[in-house]
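Shown next, in structure tokens, is the structure this report addresses.
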There are 2 protein chains.
Amino acid sequence: MSKQEPDAPTGTQECCPGLLTAPLDEDQAGELAKIFKALGDPVRLRLLSMIASRAGGEVCVCELTPAFDLSQPTISHHLKLLRQAGLIDCERRGTWVYYWLLPGTTDRLARVLARPAGQPLPEPSGAVL
Amino acid sequence: MSKQEPDAPTGTQECCPGLLTAPLDEDQAGELAKIFKALGDPVRLRLLSMIASRAGGEVCVCELTPAFDLSQPTISHHLKLLRQAGLIDCERRGTWVYYWLLPGTTDRLARVLARPAGQPLPEPSGAVL
DNA sequence: GGCCTGTATCGACAACCATCGATGCAATCC
DNA sequence: GGATTGCATCGATGGTTGTCGATACAGGCC
């Protein structure tokens, strides 16, 4: 486990200065889109937040599955997608499998979305909601 | 324009303390998933970064369309999705249509993904990449 | 008015995705 | 060893999505 497909770049380019400062090239856009797509589902968002907000840092699948009105294979599928996006990782311990957050990936997204502290933004229509 | 469907919540709940601190409820997850889904496409990510990183704050569609190997209706479609997600807005000025970033939405995502400064994260497997 | 240009919408189609039941595999317990 | 439990994988299926050409609409120009 934790080693099935080389989908999670795990460490590739910490560089990119953010979405909001310079146009992304195709490679950066493709790589980031994979991660955002993984977050683009309510079930996966809830799974991720359940895992990330866990006190001990890790959660057993047996706690995640009953929290949803979905079949066990469906939850397993969503966890796999989150793992392939590099957002979480897991380990089998005896009968059970535990998942935890990989904070590097969420940190990277937060940086990519962050606006460099007081960017001008001449607000042609204002709109800072 | 700017007023076609009430899809962009524009200002709904600045509250939610973040993905990583407490489990999301279904409503929050559904709402956030819509925005992340809009970011889950390389073309839309590049469009957004082209718009956001623009010096004057706004970009004419006539500059965006030729930057891609895609048809004009396809670009228009992607811009519509970004707008429905509350990430950008637009205005027609004469013959041309101009788009700009709504920084409130990206700010909100950045906050949602940010980890509250020195969260423990006992790292059962380390993995801070 | 009529034409041209820029952009949005429509309808169609192929590709992808979320979901399920069935099944397989791993580890424990008897 | 055999039974049981926890989780992953497989195959199928209906719904969603990215893309296109055709078309409609809006505004400027003659």
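Letters go in sequence order (proteins before strands), and every chain restarts at 1. Not measured: the values here are computed from a predicted model.
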### Query
Atom CG of Leu79(B) and atom P of dG6(C): how far apart are they, to the nearest Å?
16 Å

### Query
To the nearest angstrom, how far is Ile75(B) atom CD1 from dT7(C) atom P?
12 Å

### Task
Working to the nearest 0.5 Å, report the span between CD1 of Ile88(A) and OG1 of Thr105(A).
10.5 Å

### Query
For Asp89(B) and dA8(C), what is the distance between atoms CG and P respectively, to the nearest whole Å?
12 Å

#### Entry: Donor-acceptor pair, side chain of Ser53(B) and main chain of Ser49(B), under 3.5 angstrom
yes

#### Entry: Spacing of CG belonging to Leu48(B) relative to CG belonging to Leu113(A), to within rounding of 0.5 Å
8.5 Å

### Query
Rounded to the Å, how far apart are Tyr99(B) OH and dG6(C) P?
16 Å

#### Entry: Candidate nucleotides dG6(C), dT9(C), dA8(D), ranked by approach to the side chain of Lys80(B) - the nearest
dT9(C)

### Query
To the nearest Å, how far apart are Trp96(A) CH2 and dC25(C) C1'?
17 Å

### Query
Under 3.5 Å, side chain of Arg44(B) to main-chain N/O of Ala38(B), donor-acceptor pair present?
yes

### Message
Output one letter per nucleotide in nucleotides 18-30 of chain D: B when a protein non-hydrogen atom lies under 4.0 Å from the base, S when only the sugar-phosphate is that close, - when neither is.
### Response
SBBBB----SS--

### Task
Please say whether more than 12 non-hydrogen atoms of neighbouring residues, nucleotides or ligands are located less than 6.0 Å from CD in Glu63(A).
yes

### Query
To the nearest 0.5 Å, what is the distance between CD1 (Ile35(A)) and CD (Gln84(A))?
12.5 Å

